[in-house]
Protein chains: 2
Amino acid sequence: MPSRPKVIDIQRIKVACRSCTLHELCLPLGIDGEELERLDRIIRRRRPLERGEHLFRRGTPFRALYAVRSGAIKTYAVDEAGCEQVTGFHLPGELVGLDAIGEGVHPLSARALERTSVCEIPFDQLEPLTAEIPGLRRQLLRLMSREIASDESHFGVLGQKGAEGRLAAFLLSLSRRYAERGFSALEFRLAMSRTDIANYLGLAVETVSRIFTRFQSEGLLRTQRKLVRLLDPARLEAIAGEHAPASRCGRGA
Amino acid sequence: MPSRPKVIDIQRIKVACRSCTLHELCLPLGIDGEELERLDRIIRRRRPLERGEHLFRRGTPFRALYAVRSGAIKTYAVDEAGCEQVTGFHLPGELVGLDAIGEGVHPLSARALERTSVCEIPFDQLEPLTAEIPGLRRQLLRLMSREIASDESHFGVLGQKGAEGRLAAFLLSLSRRYAERGFSALEFRLAMSRTDIANYLGLAVETVSRIFTRFQSEGLLRTQRKLVRLLDPARLEAIAGEHAPASRCGRGA
DNA sequence: GGCAGTGATTGATATATGTCAATAACGAAA
DNA sequence: TTTCGTTATTGACATATATCAATCACTGCC
């Protein structure tokens with residue numbers, strides 16, 4: 001096959017929010033008819049990102065929010081030493097860029113983990129629209145609030161869990177999110193590398209790898225490279241619930 | 001002194017947003033005259049919370065956001081085993097409860113670390129007001145966005161830094177926040193116990209204690225119980241910037 | 001002013017997880 | 001198919017930090 005493409009047929013990508021299978025997860029929840037059309041009009045579909053391509057980079061001016069339609073995005077920071085810190089993975093139906101509203105600049109970089117398509121929602125058009133459409137306004141607040149809550153629960157993972165708990169919690173989080181999107185809760189393909197998982201969980205790659213094999217030998221799951229099948233989600237929940245070696249459950253003042 | 005109080009003079013607590021020294025940090029940024037009064041009217045002052053008192057508890061229905069006026073609040077989750085995970089400390093001018101909008105229920109508990117007064121902002125009144133006051137709407141989005149961004153940067157601390165880096169980053173964060181509020185950036189009183197700090201940073205209390213003494217012996221700071229004076233913020237920055245023993249700076253896919 | 005009781009510090013030891021190094025399994029390209 | 005480069009796995013060893021235990025220093029109370 002000759003490398004002819006790169007010129008994408010924009011006409012083809014003509015999917016209204018209304019018909020988007022994600023429309024209950026994305027913005028338009030509780031918005032109907034005419035309002036939905038107004039939202040639809042400001043949303044821009046872009047050509048899909050190839051694996052490794054950036055959606056935006058740290059320091060770039062904030063222009064739009066992005067809703068993942070298919071594929072997966074990882075967001076990450078790079079410190080002075082060039083060290084990468086993965087801060088999150090974004091699956092279909094999830095929004096990227098909410099952290100940039102505050103300062104008008106993206107504090108993180110975002111790149112595609114695989115071929116990924118997103119909807120671009122220009123913020124300078126979305127923001128005034130929220131004044132007129134109460135459902136849209138509330139939904140945006142809800143989504144941001146949930147993002148905060150989920151970040152907080154990740155603190156618990158990073159702060160109190162041992163390596164096994166972290167990986168278990170991570171897999172269950174993916175499982176739940178895939179299930180919400182109508183995919184299988186028990187079998188899915190990891191879009192990210194072990195390195196990314198390790199980084200996200202604050203572990204070494206080797207530790208992640210070892211725990212995958214340990215989980216497998218204990219019959220908790222079966223992995224085949226990127227493919228994961230959860231065999232005993234209940235026990236995984238239990239492991240995810242255990243606190244780290246540390247945490248003596250002491251209460252502070 | 002006889003233990004007479006407990007009956008607080010509500011009349012005394014009569015401070016409008018307009019005259020609040022925090023008014024640039026809190027909600028009203030970019031709101032003027034008449035609009036500020038409308039916001040002011042929905043805000044309720046409550047009697048101060050005593051040390052240890054709860055502002056709200058996990059699972060409680062969400063009714064209002066709270067702006068800390070003086071004192072300090074810690075938010076925390078409690079897992080099945082009764083283990084506490086401290087998720088944040090909230091200083092004057094900061095908002096508490098943003099994570100509850102999404103589900104209508106507080107995912108965390110919040111309690112006062114010392115005598116603390118807060119403004120209560122009933123959300124069912126605030127939300128419609130944002131439709132009419134663009135400055136208020138944008139400020140709320142900005143604040144939520146900043147919260148997300150700051151949570152993300154805490155991931156970096158928890159995920160990539162060793163114990164020294166975490167404590168250094170924590171102290172510098174407090175320093176910056178105090179400075180923003182007009183307090184000294186170099187000398188301040190820690191409202192929280194070492195146990196809470198340790199928990200927040202995902203470390204053991206003993207480790208935190210040891211690092212305080214190590215920092216002191218290296219001339220980076222001077223501590224006297226809760227009182228901290230930063231002597232060499234530049235070197236602290238350097239330490240906060242170092243990545244953990246772990247993190248081999250590898251990039252994922 | 002002495003006496004709990006809690007919070008902080010310090011020391012000795014254990015261990016989970018990181019580090020280094022080698023190999024193996026895959027995927028893409030020729 | 002073969003080859004190369006990347007990603008994942010496995011093993012042996014090092015170490016940062018947790019754990020356990022004791023002491024110390026405040027704070028509030030009688």
Side-chain angles (χ1 to χ4, degrees), chain A residues 1-3 50-52 83 113-115 157-167 189-199 201-217 221-228 239 242-253, chain B residues 1-3 50-52 83-84 113-115 158-167 189-199 201-217 221-228 239 242-253:
Chain A
M1 214 177 269
S3 63
E50 298 303 325
R51 172 190 159 103
C83 247
L113 289 168
E114 58 192 5
R115 192 158 222 268
V157 174
L158 258 35
Q160 305 230 22
K161 315 283 187 203
E164 296 201 343
R166 295 187 201 187
L167 189 59
R189 220 188 124 273
L190 299 172
M192 67 295 289
S193 68
R194 303 287 141 113
T195 305
D196 281 337
I197 296 174
N199 188 312
L201 297 177
L203 299 170
V205 205
E206 295 92 329
T207 304
V208 169
S209 194
R210 272 186 259 270
I211 293 174
F212 264 119
T213 38
R214 198 179 310 161
F215 280 176
Q216 175 144 318
S217 74
L221 51 75
R222 223 174 60 80
T223 83
Q224 207 184 308
R225 221 63 185 176
K226 303 262 187 194
L227 207 68
V228 179
I239 291 172
E242 289 165 10
H243 4 98
S247 43
R248 251 155 305 164
C249 289
R251 267 162 222 143
Chain B
M1 216 175 269
S3 64
E50 298 302 325
R51 173 190 157 101
C83 249
E84 201 174 292
L113 289 168
E114 57 192 5
R115 191 159 223 267
L158 258 35
Q160 305 230 22
K161 315 284 185 203
E164 296 201 343
R166 294 188 201 187
L167 189 58
R189 222 188 122 272
L190 299 172
M192 66 296 288
S193 68
R194 303 288 140 113
T195 306
D196 281 337
I197 296 174
N199 188 312
L201 297 177
L203 299 169
V205 204
E206 295 92 329
T207 304
V208 169
S209 195
R210 272 186 257 270
I211 292 173
F212 263 119
T213 39
R214 199 179 309 162
F215 280 177
Q216 174 145 318
S217 74
L221 51 76
R222 222 174 60 81
T223 82
Q224 208 183 307
R225 222 65 185 174
K226 302 262 188 194
L227 206 68
V228 179
I239 291 172
E242 287 165 11
H243 5 98
S247 42
R248 251 155 304 165
C249 290
R251 293 197 188 111

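As a basis for the values below, the full set of heavy atoms in this structure was taken, side chains included, without hydrogen atoms, waters or symmetry mates. Chain identifiers are assigned alphabetically (A, B, ...) following the order of the sequence lines, protein sequences preceding nucleic acid strands; residue numbering begins at 1 within each chain.
For R214(B), the salt bridge (charged side-chain N to carboxylate O under 4.0 Å, His left out) criterion is met by E164(B), not counting sequence neighbours. Residues satisfying the salt bridge (charged side-chain N to carboxylate O under 4.0 Å, His left out) test with R189(B), not counting sequence neighbours, are E114(B). Remark: R225(B) engages no residue in a salt bridge (charged side-chain N to carboxylate O under 4.0 Å, His left out) (not counting sequence neighbours).
Across all their heavy atoms, F212(A) and L221(A) have their closest contact at O-CD1, 4.0 Å. Shortest non-hydrogen contact noted between I197(A) and M192(A) is CG1-CG, 3.5 Å.
Atom P of nucleotide dG7(C) and atom CZ of F212(B) are separated by 16 Å, given to the nearest angstrom. Between the CG atom of L227(A) and the P atom of dT7(D) there is a distance of 19 Å, rounded to whole Å. As a whole-Å value, the separation of L203(B) CG from dA8(C) P is 15 Å. Separating the CZ atom of R166(A) from the P atom of dG18(C) is a distance of 8 Å, rounded to the nearest angstrom. For the pair R194(B) CZ and dT6(C) C1', the interatomic distance rounds to 14 Å; values are reported in whole Å. Nucleotide dA8(D) holds its C1' atom 10 Å from the CD atom of E206(A), rounded to whole Å. When the P atom of dG27(C) is taken as reference, atom CD of E114(A) falls 14 Å away, rounded to whole Å. Taking atom CD on Q160(B) and atom C1' on dA16(D), their separation rounds to 16 Å, with Å as the unit.
For dA16(C), the OP1/OP2 oxygens have no side-chain nitrogen or oxygen of T207(A) closer than 4.0 Å. Close to dT7(D), at under 4.0 Å from its OP1 or OP2, lies no side-chain N or O of S209(A). For dT17(C), the OP1/OP2 oxygens have no side-chain nitrogen or oxygen of R210(A) closer than 4.0 Å.
Taking the side chain as every heavy atom from C-beta outward, R51(B) and R115(B) never approach each other to under 4.5 Å. Contact annotation: the side chain of K161(A) never approaches that of I239(A) to less than 4.5 Å [non-hydrogen atoms, C-beta and beyond].
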Short N/O separations, protein against nucleotides 22-27 of chain D, under 3.5 angstrom:
none

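Ranking dT9(C), dT9(D), dA8(D) by closeness to the S193(A) side chain, first place goes to dA8(D).
Positionally, the nearest nucleotide of DNA chain C for T223(B) lies more toward the 5' end than for the other of R214(A) and T223(B).
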